Every structure is written in C-alpha cells, then in structure tokens.
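Report on one structure; see the data block that follows.
One-based numbering along the sequence shown. None of these values were measured; they are calculated from a predicted model. Indexing begins at 1, ligand by ligand and atom by atom, following the structure's order.
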Amino acid sequence: MTTMHGNHKVTDALMPYLQDPRLVRELAYINGQWVHGQGDLPVFNPATEDVIGHVPRLNGEQATQAVDAAQAAFQGWRSLLADERAALLLRWHDLILEHREDLATLMVLEQGKPLADARGEIDYGASFVRWFAEEGRRAGGDTIPGHIPGARLLTLREPVGVAALITPWNFPHAMITRKAAAALAMGCTLVIKPASETPFSALALAELAERAGFAPGVINVLTGSGAELGQALCRDNRVRALSFTGSTAVGKRLLAASADTVKKCALELGGNAPFIVLPDMEVKAAARAAVAAKFQTAGQDCLAANRILVPRAHYEEFLDAFAGEMARLRVGNGLEAGVTMGPLIHRQAVNNAHTLVDDALAQGARLFAGSRRPGPGPRFFLPVLLADVTPAMRVFREENFCPVAAVLPYDSHHDLLPLANNTEYGLAAYVFGQDQRLIWSLLDGLEFGMVAVNSVKMTGHCIPFGGIKHSGLGREGSRHGFDDFSNIKYACLGGL
Ligand SMILES: NC(=O)c1ccc[n+]([C@@H]2O[C@H](COP(=O)([O-])OP(=O)(O)OC[C@H]3O[C@@H](n4cnc5c(N)ncnc54)[C@H](O)[C@@H]3O)[C@@H](O)[C@H]2O)c1
Ligand SMILES: N[C@@H](CC=O)C(=O)O
C-alpha cells in the first residue's frame, strides 16, 4: 500500500518511521526524472523479512539512457568553478545532516544495522562530501622545472568524464558518498548502481542532491540487476571510470569487462584482516578491542577482524575474556534501544555462517562460546567464538563476513607475518601491543593496504582507504581520492 505525498508515492510500510516521507523514492533517477523500470524489485527489512517497498528493475537500455544524461551534463558540470561545485556539495552535505535521523532509520530498515551505527554511517558519509568540497578547491596541477630551452612545462588535472559507481549493501550510504563526492568535486558526472538489497539509501541521496540544486544528469541512480546494469556500464565507452566496492569475485569480473574500453578502474574489494595480539598486550583490553573489530556491522564489514592471533601463553585467558565481552553483545532489531548487533543481510548469509562453523569444527576447531540456536528471526546468526583455528579451515582462508570469530594461538613472533600474510587479500590488519621494535617490524612486513596499531578505529575522510593484492586497486578519501576520477595532462609551452 502507498500514500501520495504531493506527486510523491510513499510506501505505507515506511511512513510511520520518517519525519520526511518524501525521502523514500520507489523510482530510479535518470536525467533529473524519477522513472519506472520493467517491473519492480522488493526491498526487505532483514530483521523482520517484511517487504518495506519496491524499486524499479531497469534494463541495459535505461543504463545507456543514464550514461546519455551524464555525458550531456558533463561539459556544463566540469565548466563550473571549483567554488561553484563546492557550494553545491556543501549544500548537499548540509541537507544530509539535516535529515540524518530519517536517513539512519531508512538504513536500519533496509540494511539492519543498529540505529547508532547507522547514525554513525550518515556522519561518516557526510564527512566525505565536506572533505571533497574543500579538496576540490585545491586539486590543481603542477609547474615543472624544465629541461627544454625556451619552454615552460606544466600539468593540468582534468576530470575523466562519466564515472560509474557500483556499491555494496553493508555501508549503503557512505560507500556512495566516498566515491561520489570525489568524482563530483573533480568535475565528473555520475551513474550510480547501488546494491539491490539497499536501494533506498542511494535514492534518498539522489532526492537530497536534487533539492540541493544539482542539474539534471549530473547524478543518476539505477536500480535493478547488478549483472545486467553493470555489464551495460562496462561496455559503454563513454564511461571513463568505474569505481566498484564489493566482493573480490565481482570486482574481478568488472575489471575484465572494462578492459575493452580501457576504463580507469577503482576496486574496493574483500578483506581478511588479521588481528594480532602481542605478548605484552593487556589481555582484557585486547579482548575488548578484538570483539569490537570482529563484530562491527555483525561481522559484515570489509575491515572486520577475520583471524585473531594470540600468544599461546595468554591463549586461554584471552578466550575467556573474549567470550565475556562477546556475551555483552545484544542481538536484535536495529531499531530497538540497546541492540548492538543486527541481522545478516539475507538467509544465504546465515547459511554461509553455519557452513563456515561446520567446516572448522569438522577439522578440529573448538566451539569455545556462542550458540548455534536460531536468533530472533530467520536472518539472524548469534555470535560464535571458534578456538584452535588453522590455516586449513575456510574460516581462516575466506572473508567470513558474519559474526564468527576465528582465534588461533602462536608460539613465536616469527610466526606472525607468515600467518597474517597467508591470504590472497590485503585490505586491513590490526596490531595490539607495546613493543615498538616488534610493531615496526610487523608494520614493515604486513602485506595490507592499511594497518591499525592499538586502535580499532582506522577509517575516515582524510585517510587513503584501500587494499592491495586481491583487495583492490586505488585509494578513496584523503587527497588521493581524486586519482581515480582524474587524468593528468602535461603541457609543454615551447618557443617562449
Ligand atoms: N574494500 C571496501 O571498501 C569494501 C567496503 C564495503 C564492502 N566491501 C566488500 O563488499 C562485499 C559485500 O558487499 P556485496 O555483497 O554487496 O558485494 P557484491 O560484489 O555481491 O555486490 C556489490 C555491488 O555489485 C553489484 N553486482 C553484483 N554482481 C554484479 C555483476 N556481475 N556485475 C556488476 N555488478 C554486480 C551488486 O548489485 C552491488 O551493487 C564484501 O566482500 C566486502 O568486503 C568492501
Ligand atoms: N567499514 C568500512 C566499509 C567496509 O565494509 C569503511 O569504513 O569503509
């Protein structure tokens, strides 16, 4: 059922939750128009499995129409002064924060994370919009001390043109703004394809961008099958940059599909973070940090501590402390006060979690704490602590992306780098301890794009976020965030 708000159809399932129901858009956004598709896709609340709304299933032809619109808008957008683009971005930023509560509530309803985490993501996502609005004012080129008599040498930093952004469901707001803000500030125009599980966060961003005054075609949002729409965007030669955040498997397919059109490809892919506890680390503090690093976003986080390495001398003590901290987690509907861990995104994710635990137990792991009983709904998985994990187990080799903690002992610090680096992934790693010599030895030897020492919090608008190996290409945020959306043009002015 729906209710009209002006010319705005809003699903009744969401009405009671929002101050501004017009933020809910059940249509895709192309060239400043809200459009239907070839049928509709349901959007589910993962905590209750209620259908909270529908979005259109667009086809490849409509993806091409979106690229048409972005291409048509590009010259006008890039020709604005950096200050003019910045003003629009800051207006968008302000509108996002003005609607923080509604955006966070909408995120809980479609993604499931606790409301406090959703509010945090809105703040995190908005911080990229402000950051790149300001950085865009300083994104110039260089002059070069020359080697050619009578010539002056310089570089110009130029927007690539139309950028396609394909984003995941686990951070349905911030993974869009982290890309979109950099691309827009640089002068690119956008075609955004959010995850089908969480389209409303993306469409609400488009609604607020429209209110901020972005011209038609500058920002376009497609809804529908990732495979169909993604392929259309990859094949389109006018799309000059593809920025993808998602699984390594899909990222590899998109990289291959972009080869024929030689696009700039930025890939933010999966992780398999080691969490290293050094022998001089206070055990209870290490356990508290490890629980926070493991169960953030119910483990559905690219930065989640996937493998926890503990010195054998403190092993059982750590397991007890970890179990005690894990027991404090409150699993439930993200809208309920006090809930600290929500559901997984779909039933398949729950099945995957059980399969990982079964595989580990079959190979000798210990179920040290936690329960295999059902949670408060079909998409819930209660936290589990596995001890005596080995590199032979899937829970060690794969990105778990669920609330299953995998802990293993080590005997010597010489074991740490071989264990930590024993993965195809290379996104993030954690080290907790005081021995500076050992910390620096690990910092030098860890094959990861980001290393956090004595801190679970590592991410933010000002840091170069990204991985190496099979965790991706490129960096988002920081001053490096423009690289994936710009080209450097060299100019040699001779005969002077
Ligand atoms: N490195 C990072 O910054 C980062 C951040 C968040 C999530 N992730 C990773 O994302 C993964 C979880 O997100 P997910 O389940 O949405 O990933 P996913 O790869 O299944 O989907 C990501 C996006 O790609 C689209 N997609 C799916 N198949 C496609 C195809 N064949 N062609 C084009 N597009 C396609 C989806 O619709 C979605 O929009 C995890 O591996 C996680 O580690 C990484
Ligand atoms: N937590 C990550 C998102 C990955 O899942 C971030 O902060 O970017």
How far is atom 40 (C) of ligand 1 from its nearest protein heavy atom, and which residue and atom name does that atom have? E399 OE1, 3.4 Å
Identify, for atom 29 (C) of ligand 1, the protein heavy atom at the shortest distance, and state residue, atom and that distance. V250 CG1, 3.5 Å
With the threshold set strictly below 4.0 angstrom, can you tell me whether any protein non-hydrogen atom sits that near atom 21 (O) of ligand 1? no
How does D301 reach ligand 2, by side chain, by backbone, by both or by neither, if only non-hydrogen atoms under 4.0 Å count? both
One residue to check: R178. Relative to ligand 2, which of side chain, backbone, both or neither has a non-hydrogen atom less than 4.0 Å away? side chain
Can you tell me if D260 has over 12 outside heavy atoms packed within less than 6.0 Å of its CG? no
Is Y17 atom OH crowded by more than 12 heavy atoms from other residues, nucleotides or ligands, each under 6.0 Å away? no
From [options] - option closest to [atom] by heavy atom:
| atom | options | result |
| --- | --- | --- |
| atom 39 (O) of ligand 1 | L303, T167, L242 | T167 |
| atom 18 (P) of ligand 1 | G472, S247, G477, P172 | S247 |
| atom 8 (N) of ligand 1 | G466, G467, C302 | C302 |

Regarding ligand 1, does W169 bring an N or O atom to under 3.5 Å of one of the ligand's N or O atoms? yes
F401 N/O to ligand 1 N/O under 3.5 Å: no
Looking at ligand 1, would R178 count as a contact under a 4.0 Å heavy-atom criterion? yes
What do you reckon, does F171 put a non-hydrogen atom under 4.0 Å from ligand 1? no
With a 4.0 Å cut-off on heavy atoms, does E476 reach ligand 2? no
List every atom of ligand 2 that sits less than 4.0 Å from any heavy atom of M175, numbering the atoms from 1 in the order shown and giving each element. 8 (O)
H461 and F132 aromatic centres sub-6.0 Å: no
